[in-house]
Amino acid sequence: MRSIFIGFLLIFLDFNFNIGESTIGLTPDFIGYILLVQGLREMEPESARFAQARPFAVGTGIYSAITYALDLFGVTNQLGGLGIALGFLYTIVSLCLAWLVVKGVLEAEQRRRTDLNGHSLWTAWLLMAVFQVISYVFLFIPVLALTGILADFVISIVFLVALHTAKNRYAVLPPLPAECRESKREEE
């Protein structure tokens, strides 16, 4: 869970340095996706949702590495509407990835018969999905664009706090017995 949390932290919190047309990401998303894939692999015994999320994490990680390079060379700014469309598609896939992680946490809660903060995480994901879509709509209404960006930032923090709580609650659980890990693999 720690790798999943740190991965999402790096993905959601972007700090960039602009030099002319070039953008240097100080916290590259693709590094977050590498950590996320590692965490998903470690959490697979808890829920099959984590395994289902891995291809999304790999795909978005590759996409984010490509866009990082394009940003570095100043190409992304020249894409115009195509860049916005690709960004929206990336957002949708990222939301699907986060949804699978949330569902994995909820299933781990059921399996372990404990509270891992899954309900709060689900609520935060739902709000994040709504606000991310709204922030894309607001891009076309310049007066509201900043409002959408700020709302998206705030709800991303709420999601990260809920995920951090889930991570901390999971950390104190005893490890799954070996037979549970093996039976989970056989179910798949």
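Count residues from 1 along the sequence. Heavy-atom basis, side chains included; hydrogens, waters and symmetry copies ignored.
Across all their heavy atoms, Leu116 and Ala108 have their closest contact at CD1-CB, 4.0 Å. What you find for Asp29 and Ile11 is that their closest heavy atoms are OD1-O, 3.3 Å. For Leu35 against Ile6, the heavy-atom pair with the smallest separation is CD1-CG2, 3.5 Å. Closest heavy-atom contact between Gly148 and Ser135: O-CB, 3.5 Å. Ser156 approaches Met128 most closely through the heavy-atom pair OG-SD, 4.3 Å. Shown here for Ala166 and Val105, the closest heavy-atom pair between the two residues is CB-CG1, 4.4 Å.
Of the inter-residue distances, the one linking Leu36 atom CG with Thr60 atom OG1 reads 7.5 Å to the nearest 0.5 angstrom. For the atom pair CD1 (Ile155) and CG (Leu127), the distance works out to 4.0 Å, reported to the nearest 0.5 Å. Met1 contributes atom CE, which lies 10.0 Å from atom CG of Leu173 (distance to the nearest 0.5 angstrom). Here CD of Gln52 is found 7.5 Å from OG of Ser47. Values are rounded to the nearest 0.5 Å. With values rounded to the nearest 0.5 angstrom, Ile66 atom CD1 is found 11.5 Å from Phe30 atom CZ. Between the CD atom in Glu107 and the CZ atom in Arg49 there is a gap of 4.5 Å [rounded to 0.5 Å].
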side-chain contact (heavy atoms from CB on, under 4.5 Å), that's the test. Do Phe50 and Leu100 meet it? Break it down for me. CA-CA 7 Å; Phe50 295 114; Leu100 286 169; over 6 Å; no
As a quick check of understanding, evaluate side-chain contact (heavy atoms from CB on, under 4.5 Å) for Leu40 and Ile4, giving each step before the final call. CA-CA 7 Å; Leu40 293 170; Ile4 291 173; 4.0 Å; yes
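Surrounding CZ of Arg54 are more than 12 heavy atoms belonging to other residues, nucleotides or ligands, all under 6.0 Å away.
In this view, Thr91 and Tyr136 satisfy the side-chain hydrogen bond (donor to acceptor under 3.5 Å, both in side chains) rule, not counting sequence neighbours. Residues meeting the side-chain hydrogen bond (donor to acceptor under 3.5 Å, both in side chains) test with Glu42, sequence neighbours left out: Gln38. By the salt bridge (charged side-chain N to carboxylate O under 4.0 Å, His left out) test, Arg112 pairs with Glu46, sequence neighbours left out. Checked against side chain to side chain contact (heavy atoms under 4.5 Å, CB included), Asn168 has the following partners two or more places apart in sequence or in another chain: His164.
Taking the centre of each ring, Phe8 and Phe159 come in below the 6.0 Å mark.
The cluster map of Ile, Leu, Val, Met, Phe, Trp and Tyr, joined by side-chain heavy atoms under 4.5 Å apart, puts Trp99 and Leu126 in the same cluster. There is no path of hydrophobic side-chain contacts, each under 4.5 Å, that joins Phe131 to Leu146. Ile141 and Ile134 fall within the same hydrophobic cluster, where Ile, Leu, Val, Met, Phe, Trp and Tyr residues are linked whenever their side-chain heavy atoms come under 4.5 Å apart, directly or through other members. Side-chain heavy atoms closer than 4.5 Å link hydrophobic residues (I, L, V, M, F, W, Y) into clusters, and following such links, even through other members, never connects Val154 to Leu150. Ile149 and Ile157 end up in different hydrophobic clusters when Ile, Leu, Val, Met, Phe, Trp and Tyr side chains are linked at under 4.5 Å.
Within the structure, the salt bridge (charged side-chain N to carboxylate O under 4.0 Å, His left out) test picks out the following pairs touching residues 153-176 (sequence neighbours left out): Asp115-Arg169. Sorted by first and then second residue, the pairs that involve residues 120-131 and meet side-chain hydrogen bond (donor to acceptor under 3.5 Å, both in side chains), not counting sequence neighbours, are Asn117-Ser120.
Side-chain atoms of Ser94 and Tyr33 form a donor-acceptor pair, as typed in the model, at a separation below 3.5 Å.
Counting heavy atoms from C-beta outward, Tyr170 and Thr114 have side chains that stay 4.5 Å or more apart.
Thr165 places a side-chain N or O within 3.5 Å of a backbone atom of Val161 that can act as its donor or acceptor partner.
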